[in-house]
Amino acid sequence: MVVGLGRFGTALALELARRGSEVLAIDHRPKIVQALSGQLTHAVTADATDLEALRELGVAEFHRAVVAIGADLEASILTTSLLTELEVDDIWAKAVTHQHKRILERIGAHHIVLPENDMGERVAHLVSGRMLDYLEVDEDFALVKTHPPRDIVGVPLGETRLRSKHGVTVVCVKSVGEQFTYATADTVLQYGDVILVAWPITKAERFADRL
């Protein structure tokens, strides 16, 4: 179930539907619901802050719900609270500020996303360095997509001592025209290769900046 069909909620609901998930989408604006009715399993005009309305829609039967309401903080908080009351197993919620995030956590949301904040941080890492892509998987751990520094090209990874010297691990490698494969100690990197590097964020960034 996805509650709130703004840009974030609509994109999420459509992608879930494209992946084969049965999606119940809820929004209080009839025009938006009508526009999406042919693209989603179920699109309903309803007030998600009304407990009885949620019960009538059978929300308690859904194992996973996403509260994609952002601008209306009161509606976001109340909807999340009602889903908790209905004992939905897995509640995801969108937050627009860190304070909003803390409130959602306290009232029972299991997962919180801050789309604008997270995207801003990701783009900042890409803009400030030479990484091709960046994914933070924990508070201080990331996967970085980049090209290999010149000093390790043509040398088996096992001989480069990357982990002891720089604190990073090359996880996968993709040569031109090929797919990603797991890197081993015998892997020899070439110019033009793309690699995935895993390790603490600051070390991975410094490694990418050595290009």
Side-chain angles (χ1 to χ4, degrees), residues 1-126 133-143 145 198 201:
M1 180 183 69
V2 177
V3 182
L5 296 175
R7 285 176 294 181
F8 175 73
T10 296
L12 174 64
L14 290 174
E15 179 61 20
L16 287 170
R18 188 186 70 80
R19 291 169 176 261
S21 296
E22 183 176 348
V23 180
L24 167 63
I26 302 173
D27 198 282
H28 67 280
R29 296 164 293 184
K31 287 185 178 180
I32 292 179
V33 171
Q34 184 177 1
L36 293 171
S37 60
Q39 304 176 66
L40 301 172
T41 313
H42 305 288
V44 179
T45 303
D47 179 5
T49 65
D50 184 334
L51 180 59
E52 291 306 315
L54 294 178
R55 282 177 172 158
E56 289 178 8
L57 291 171
V59 167
E61 299 176 9
F62 283 78
H63 298 296
R64 184 170 291 116
V66 180
V67 181
I69 303 169
D72 189 338
L73 299 188
E74 182 179 354
S76 167
I77 293 167
L78 183 53
T79 300
T80 303
S81 176
L82 293 179
L83 294 178
T84 301
E85 184 175 339
L86 291 170
E87 299 182 343
V88 175
D89 294 335
D90 195 19
I91 302 172
W92 292 70
K94 172 186 176 180
V96 293
T97 66
H98 288 284
Q99 183 179 16
H100 185 197
K101 176 184 177 181
R102 287 193 292 272
I103 294 173
L104 292 172
E105 289 173 336
R106 289 171 184 169
I107 61 177
H110 304 103
H111 311 276
I112 314 293
V113 293
L114 291 93
E116 290 83 1
N117 181 80
D118 294 343
M119 181 56 70
E121 290 183 356
R122 179 172 177 270
V123 172
H125 284 291
L126 297 177
D133 208 346
Y134 169 92
L135 174 64
E136 185 173 336
V137 295
D138 207 343
E139 186 175 344
D140 186 39
F141 199 89
L143 282 176
K145 180 181 178 182
I201 292 172

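Because the structure is predicted, anything quoted here is derived from the model rather than measured. Note: hydrogens, waters and symmetry copies are ignored here, and every other heavy atom, side chains too, is used.
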Quick one: are [X] and [Y] in side-chain contact, heavy atoms under 4.5 Å?
{"X": "Leu24", "Y": "Val44", "answer": "yes"}
{"X": "Val113", "Y": "Trp92", "answer": "yes"}
{"X": "Gln39", "Y": "Leu14", "answer": "yes"}
{"X": "Ile112", "Y": "Glu105", "answer": "yes"}

Just how far is it from atom [atom1] of [X] to atom [atom2] of [Y], taken to the nearest 0.5 Å?
{"X": "Gln99", "Y": "Arg102", "atom1": "CD", "atom2": "CZ", "result": "6.0 Å"}
{"X": "Thr80", "Y": "Ile91", "atom1": "OG1", "atom2": "CD1", "result": "7.0 Å"}
{"X": "Leu16", "Y": "Leu40", "atom1": "CG", "atom2": "CG", "result": "9.5 Å"}
{"X": "Ser81", "Y": "Leu51", "atom1": "OG", "atom2": "CG", "result": "9.5 Å"}

With a 3.5 Å cut-off and sequence neighbours excluded, list the donor-acceptor pairs that the side chains of residues 4-13 form with protein atoms.
unit_1	atom_1	unit_2	atom_2	d
Thr10	OG1	Leu5	O	3.0
Thr10	OG1	Gly6	O	2.8

* **Non-neighbouring partners of His100 that pass side-chain contact (heavy atoms from CB on, under 4.5 Å), sequence neighbours left out** => Leu73, Ser76, Ile77, Ala95, Val96, Thr97, Leu104
* **Contacts of type side-chain contact (heavy atoms from CB on, under 4.5 Å), residue Glu22, not counting sequence neighbours** => Thr41, His42
Atom pairs and distances, side-chain donor-acceptor, residues 57-66, under 3.5 Å, sequence neighbours left out:
unit_1	atom_1	unit_2	atom_2	d
His63	ND1	Asp89	OD2	3.1
Arg64	NE	Asp90	OD2	3.0

* Asked: Of all heavy-atom pairs between Ala17 and Val23, which one has the smallest distance, and what is that distance?
  ->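 Heavy atoms only, the tightest pair is N-CG2, 4.0 Å.
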* Please report the closest heavy-atom contact between Asp72 and Ala75, naming both atoms and the distance. =>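 Shortest heavy-atom separation between Asp72 and Ala75 comes out as OD1-N, 3.1 Å.
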* Asked: In chain order, what residues pass the salt bridge (charged side-chain N to carboxylate O under 4.0 Å, His left out) check against Glu15, with sequence neighbours excluded?
  -> Arg18, Arg19
* To do: Only counting residues at least two apart or in another chain, list the ones meeting salt bridge (charged side-chain N to carboxylate O under 4.0 Å, His left out) with Glu52.
  => Arg55
* Asked: Between Leu114 and His98, is a side chain to side chain contact (heavy atoms under 4.5 Å, CB included) present by the stated rule, with each step listed?
  -> CA-CA 8 Å; Leu114 291 93; His98 288 284; 4.3 Å; yes
* Determine, stepwise, if the pair Leu83 / Met1 fulfils side chain to side chain contact (heavy atoms under 4.5 Å, CB included). => CA-CA 11 Å; Leu83 294 178; Met1 180 183 69; 3.5 Å; yes
* To do: Apply side chain to side chain contact (heavy atoms under 4.5 Å, CB included) to Leu86 and Leu54, showing your working.
  => CA-CA 9 Å; Leu86 291 170; Leu54 294 178; 3.8 Å; yes
* Keeping the roles fixed (side chain from Thr49, backbone from Thr79), state whether a donor-acceptor pair exists under 3.5 Å. => no
